[in-house]
Chemist: 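My questions all concern the structure below.
Lettering of chains follows the sequences in order, A, B, ..., and the numbering in each one begins at 1.
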Amino acid sequence: MTSQQLATGALLRYLHGNTEEKAILQVVGIKTIDSKTDDPSTGTKRYRLMLSDGKSTFSSCMLGTQMNHLIDNRSLKENSIIRIQRVMMNTIDKQSGRVMLMIYELEVVESDCERIGDPVALPLSDIINSGSSSNRSETASNIPASATTAALPSTTNVIRQGSKALPTLDDRNTPKKTTSESTRATSKGNNAIDKERITNIDTLNPYMNKWTIKARVSSKTQIRTYENARGPGKLFSCDLVDQSGEIRATAFNVECDKIYPLLEVGKVYYIARASLKPVNRQYNALNNDYEMTFNYDTCIEACDAGEGDNIPQIQFNFIPISEVANRAANSVCDIIGVVKSTSDMQTIMGKTSQKEFHKRDILLVDENASITATLWAKQAEEFDGSSHPVIAFKGIKVGDYNGRTLSSVNSTLICQDPPETSRTTELRVWFDREGKTMDLPDLSKGSDVANRQALFKTLAQITAEGLGLGDKPDYINVKALLTIIKKDSAVYMMCPERGCGKKVVDENNGTYRCEKCNKIYTNFEWAYMLSAEISDVTGSQWINIFRHEAEALLGISADEFGNYRMNQNESIIDNVVNKAMKHERIFKLRAKVDQFNEERKVRFTCTHVSDVDWAFNARRLIDEIKQMEPMSL
DNA sequence: CCCCCCCC
């Protein structure tokens, strides 16, 4: 990679408002921003990047938190080469005209790289003046990119003389239009809706003051009244989705009455002007750092028929059932599973309210665990699980009675066989084939050891505390790096008989003998049995990894792996294996003592593997802090 | 600005 391949001048073009370009840039610095100033409710980190185009650097580049994982898993680091996919310019300070770039989407072109060229920081004067409206339209449309770059920095003064007015967000986000149109756009009414310039939901933030989204209402609550110290009130809320993301919106009182009848579930609308505030994770599991409040000048216009066909119906952020064990009580999450059994309707008496409530329990399963989910009132009455459907819950509440439970709330969306996710068929096939007869750990049985929230330990602690030496297995979470994978013994030829699982003997004549079934087969199946070493700063440990976890780690099926092995495609296998060792993960381990003749040895089996979800960790920490006693000052 | 959502 040479400096010619970086998009020289791209940073200034972006700062000029010409943000369409998908520039190749180098990350020359990464800093975290204090979460207190950014997003106090979620505690989500935000990264600030210094980017280089080979000639210049610009350091006020905020990375959208949706991209944080790239840094957390170290694929994006200092000197990485990236391709900007979606960037926006925002004004930080209207007074001074200081601007920043928001990077919403990027692609890592090259992770490990040397510093390219000897770039110097763009002069502040260029940055401040770059967005002036009189120059912007020219820059964006007429002057070729190379000319802009070549003109630097000699034209700096000219630009400054040309426009004393400092750029504002309004200037910037108003599309090129005649003056009269622009003026009208600032007056009240539907003129605020700019159908030509649609903002993606995942880029909305409180510091942006002019935007229009095009979104589908995926759900809507009833109007509910409340009474608090400030007096009575009413509200409803709805969830909005587009192809980029989702956000919850709420309307109170006057706006509640005005907007409630305007919005219909399933329909697409243009929405402009509403307030944005940090999300409260206690009640909102949507994949967005913010939530929206409709206010007095919010504009809503229904999309013409057929206009919004490209907007998705709903977005799910599923977590595996086993992961519910690690979630804070009363938090909400999205879950998908197969209905293994359904209870009859029950009527119970509310303790304090002395009112009757109707409920129905369902037992929900996926490949690794089962959990009881309780439905209430109408949701309970209408539910029919007799055909063992795949059910997705969006925004179901985690309970902690006798282990972990799920409890549907009014805003919970229940979807049968949702077509939006491949999990529907995956679970269907799994359940019909083997899931229906499998005995899985039940998170809602407090006595089941497997359901206890696995504690985080270092590898040294596991040994020091003698974990796995007891009568019952211990379950432990470890944050570690895969350091060795025994690739030569990663897969074995398994007996094709359902539920056998035994290794077959290759008779080298096209037949395979299973000693357990005492049968000869003409085929076999590849199966994973990985022996691997994981390491953290305190030590290392050999563990066994089977089917699902091995697939999750290697990203290919045992069948694919086995075929590469047969075809002696070693370079592909090396690639797959090396990729799996790239970054830290959370390994959930079952530690259990094994007796081999006289020798007692603790065996470690990986029961679940997940990426380190830094944002979630921060959220959970906040949840825990919230549940603590208030501190006296 | 709500944030209740129930029982063992």
Chemist: Could you check whether K234(A) gets within reach of a base, just the sugar-phosphate, or nothing at all, counting any heavy atom under 4.0 Å?
Modeler: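 Contact class for K234(A): none.
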
Chemist: Say whether Q66(A) and D289(A), considering side chains only, have a donor N or O and an acceptor N or O under 3.5 Å apart.
Modeler: no

Chemist: A quick test of your reading: do over 12 heavy atoms of other residues, nucleotides or ligands sit less than 6.0 Å from CD of Q354(A)?
Modeler: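 Yes - once you tally the heavy atoms of other residues, nucleotides and ligands closer than 6.0 Å, there are more than 12.
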
Chemist: Does the side chain of R248(A) get closer than 4.0 angstrom to OP1 or OP2 of dC3(B) through an N or O atom?
Modeler: no

Chemist: Under the side-chain contact (heavy atoms from CB on, under 4.5 Å) test against M292(A), which residue among I201(A), T250(A), L240(A), V279(A) passes?
Modeler: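 So the option named by the test is L240(A).
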
Chemist: Base, sugar-phosphate alone, or nothing: which one does N284(A) contact when heavy atoms must sit under 4.0 Å apart?
Modeler: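 It contacts nothing in the nucleic acid.
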
Chemist: Rounded to whole Å, please give me the gap between NZ in K397(A) and C1' in dC2(B).
Modeler: 14 Å

Chemist: To the nearest Å, give me how far apart CG (N410(A)) and C1' (dC4(B)) are.
Modeler: 8 Å

Chemist: dC8(B), OP1 or OP2 - any side-chain N/O from N402(A) closer than 4.0 Å?
Modeler: no

Chemist: Rounded to the nearest Å, what distance is computed from the CD atom of residue Q222(A) to the C1' atom of nucleotide dC5(B)?
Modeler: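 Q222(A) atom CD is separated from dC5(B) atom C1' by 14 Å.
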
Chemist: Check whether the aromatic ring of Y401(A) stacks on the base of dC8(B), taking stacking as ring centres less than 5.5 Å apart and planes within 30° of each other.
Modeler: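 The base of dC8(B) is stacked with Y401(A) (centres under 5.5 Å, planes under 30°).
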
Chemist: Describe the nucleic acid contact of K351(A) in one word from base, sugar-phosphate, nothing, applying a heavy-atom distance below 4.0 Å.
Modeler: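 Answer is sugar-phosphate: K351(A) comes under 4.0 Å of backbone atoms only.
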
Chemist: Taking atom C1' of dC5(B) as reference, at what distance in whole Å does atom OH of Y283(A) sit?
Modeler: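 Rounded to whole Å, this separation is 12 Å.
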
Chemist: Could you tell me whether D474(A) and K457(A) have a side-chain N and a carboxylate O separated by less than 4.0 Å?
Modeler: no

Chemist: Touch check for K277(A), heavy atoms < 4.0 angstrom, all strands: base, sugar-phosphate only, or nothing?
Modeler: base

Chemist: Charged N to carboxylate O under 4.0 angstrom, E323(A) versus R404(A)?
Modeler: no

Chemist: Classify T412(A) by what it touches in the nucleic acid, base, sugar-phosphate, or nothing, heavy-atom distance under 4.0 Å.
Modeler: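 Since no nucleic acid heavy atom lies under 4.0 Å of T412(A), the category is nothing.
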
Chemist: Starting from P on dC8(B), measure out to CG on L406(A) and report it in whole angstrom.
Modeler: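 Distance check: L406(A) CG to dC8(B) P gives 19 Å.
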
Chemist: To the nearest Å, how far apart are D257(A) CG and dC1(B) C1'?
Modeler: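 One finds 15 Å between C1' of dC1(B) and CG of D257(A), rounded.
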
Chemist: Report the distance from atom CD of Q354(A) to atom P of dC4(B), rounded to the nearest whole Å.
Modeler: 21 Å

Chemist: Counting any heavy atom closer than 4.0 Å, what does E291(A) reach on the DNA or RNA strands: base, sugar-phosphate only, or nothing?
Modeler: base

Chemist: Please report the distance, rounded to the nearest Å, between CD1 in I348(A) and C1' in dC5(B).
Modeler: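 Rounded to whole Å, this separation is 11 Å.
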
Chemist: Has the side chain of K359(A) got a donor or acceptor atom sitting under 3.5 Å from an opposite partner on the base of dC7(B)?
Modeler: yes

